[in-house]
Amino acid sequence: MRRFLTQHASAFGDAVRKLFASPLGTILSLIVIGTALALPAASGIILDNLRDLAGGAPKAQQISLFMASSADRRAFDEIELRLRMAHVGNWRFVPRDEALERLKAIEGVPEILASLPKNPLPDAFIVEPEDVRPEMVENLAKTFSSWPEVEHVQLDSEWVRRLDVFLRIGRLMILMLASLFGGALIIVTFNTIRLQILAQADEIEIARLIGATNAFVRRPFQYFGFLQGLLGGLFAAALILLGAGLLSSTLDELVALYGGRWAPHGLDFALVGRLTGIGALLGWLGAQLSVAVHLKKGA
Amino acid sequence: MIRARALSKRYPQGIDAIKEVSFDIGTGEMVFITGRSGAGKTTLFRLLAAIERPTTGSIIVNGQNLAALRKSAIPFLRRSFGLVFQDQKLLFDRNAIDNVLLPMKIVGLPANEALRRARAALDKVGLLNREKANLLTLSGGEQQRLAIARAVVNRPSILLADEPTTNLDADSAAGILEIFRAFHQVGVTLIVATHDPQWVSRLSPRILRLDHGRILGSDG
């Protein structure tokens with residue numbers, strides 16, 4: 001066990017030395033890997049926050065249940081009971097008189113209303129669903145339509161739904177981008193390791209002749225790929241956090257104009273963990289592929 | 001310890017480097033494989049070191065048939081040998097002691113123990129005062145002694161050397177000879193492939209004479 005750990009410590013040390021042996025090359029690789037990881041990750045964070053902003057916007061996800069003019073107190077009680085049992089979120093009853101009073105508060109409207117023989121507005125329930133995913137909201141609206149004495153159900157979030165479709169397209173594009181950049185990261189590591197193997201061909205041959213196993217030969221390269229990917233991930237996280245920091249105040253202003261509040265999520269230690277983890281995994285994979293291909297003939 | 005039976009090696013071009021060779025080498029023996037250039041000495045060295053596989057026949061070292069040995073087991077077998085190559089195969093981007101440390105790094109010996117052993121090996125070959133030396137500053141004889149230090153540092157039971165005095169002057173060759181004699185005296189099985197007759201007269205080893213891939217005779 002001690003020898004096993006000594007071998008790993010030695011391979012790790014070799015990998016670290018290789019990283020420092022050519023600082024410029026290492027820095028350039030880290031910039032490439034960091035950018036490849038940062039672009040899709042940052043785009044994903046932006047989309048997630050946009051979706052949340054859209055969902056959290058005032059009145060973004062309200063469902064209005066307009067009651068039939070024939071609906072009476074018993075019908076209202078029935079709807080209240082159903083809403084309570086369905087645990088749909090927050091809701092409130094807006095009587096037609098209250099709605100009329102609100103309408104009168106709008107300039108120019110009282111004159112129009114005065115010409116009407118009676119209050120044309122229906123009684124209504126306004127529901128703010130707990131689950132604001134567009135598909136869930138839409139399902140709820142369908143359910144409400146089938147309830148007794150509910151004449152019309154209005155979804156006040158059509159624009160959110162449209163936005164959601166765009167976000168889904170965006171997410172798909174980010175996924176494709178991430179796959180592309182992930183592949184690029186693997187190729188960068190693959191090539192770096194290939195050059196290292198070529199440069200160390202004599203050492204590898206000699207080590208094999210005097211008893212080195214394939215694992216011994218491969219280990220430093222695998223650690224190198226792992227470390228390079230991990231540092232690239234750290235660099236990517238730093239880029240994203242720096243960018244978010246610089247844009248924060250401007251975005252705050254922008255969101256405030258739409259009545260929201262800029263409280264971004266996804267910019268935390270979990271992001272750093274994810275990026276370093278993905279970077280390390282892809283780096284290791286690139287190294288693994290490279291040693292598998294380039295060390296095969298000497299095995 | 002080593003038993004070869006009907007050992008043959010044919011290279012893809014159809015060249016028969018070793019033909020139906022059989023011999024036994026006991027523990028602690030000193031055996032020289034001699035013959036002219038092209039006789040098959042280096043091929044036999046490579047077969048013994050499991051660098052090449054025989055085309056036919058068997059070669060059993062410490063109970064293991066090298067012809068049938070799994071690929072993954074070969075590195076572990078090689079660790080029981082000390083190998084000295086004709087071209088030394090040293091790492092010129094490292095200093096002397098780092099070259100000697102390599103076999104111990106491979107087996108995962110802790111750093112302190114490895115350093116102690118490396119210094120002891122360098123001492124045995126008279127290079128302790130050159131442990132930090134750049135290899136380019138070492139003479140041909142010193143480089144060969146360094147290669148021997150690397151070969152013996154893991155305390156192998158078999159020391160295999162291929163033309164270890166090629167390109168060395170008489171004094172350097174004599175120095176190498178004395179080092180080998182010292183290892184043989186402590187029980188190391190010594191197998192040397194050489195075309196240099198001065199070895200034979202000085203050490204009186206058992207001789208396997210090769211010619212065109214066949215053993216012509218065994219003396220001693």
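Worth saying up front: this structure is predicted, and the values here are computed from it rather than measured. By convention in this document, chain letters (A, B, ...) are assigned in the order of the sequence lines, proteins followed by strands, and residues within each chain are numbered from 1.
Taking a 6.0 Å sphere around CG of B:Asn129, one finds it holds more than 12 heavy atoms contributed by other residues, nucleotides or ligands.
Options B:Ala151, B:Pro103, B:Pro110, B:Ser72 differ in how many heavy-atom pairs under 4.5 Å they form with chain A, and the most are formed by B:Pro110. Of the listed residues B:Leu77, B:Val107, B:Asn154, the one with more heavy-atom pairs under 4.5 angstrom with chain A than any other is B:Val107.
Contact residues of residues 3-13 of chain A toward chain B are A:Arg3, A:Thr6, A:Gln7, A:Ser10 (heavy-atom distance under 4.5 Å). Taking non-hydrogen atoms and a 4.5 Å limit, the residue list of residues 78-93 of chain B in contact with chain A, ordered by number, reads B:Arg78, B:Arg79, B:Leu83, B:Phe85, B:Lys89, B:Leu90, B:Leu91.
A side-chain donor-acceptor contact under 3.5 Å links B:Arg145 to the backbone of B:Val125. Using modelled atom types, one side-chain atom of B:Glu29 and one backbone atom of B:Gly26 make a donor-acceptor pair closer than 3.5 Å. The closest donor-acceptor contact from the side chain of B:Arg53 to the backbone of B:Leu69 lies under 3.5 Å.
Both the backbone and the side chain of B:Leu109 have a heavy atom closer than 4.5 Å to some heavy atom of chain A.
Using a 4.5 Å heavy-atom threshold, the side chains of A:Asp14 and A:Tyr223 count as separate. Contact of the B:Arg206 side chain with the B:Ile25 side chain is registered, since non-hydrogen atoms from C-beta on lie closer than 4.5 Å.
Taking 4.0 Å as the cut-off between side-chain N and carboxylate O, B:Arg181 and B:Glu178 count as a salt-bridged pair. In summary, B:Asp24 and B:Arg5 engage in a salt bridge, as defined by a charged side-chain N under 4.0 Å from a carboxylate O.
A side-chain donor-acceptor contact under 3.5 Å links B:Asp169 and B:Ser172. Judged by distance alone, the side chains of B:Arg130 and B:Asn95 never bring a donor and an acceptor atom under 3.5 Å apart.
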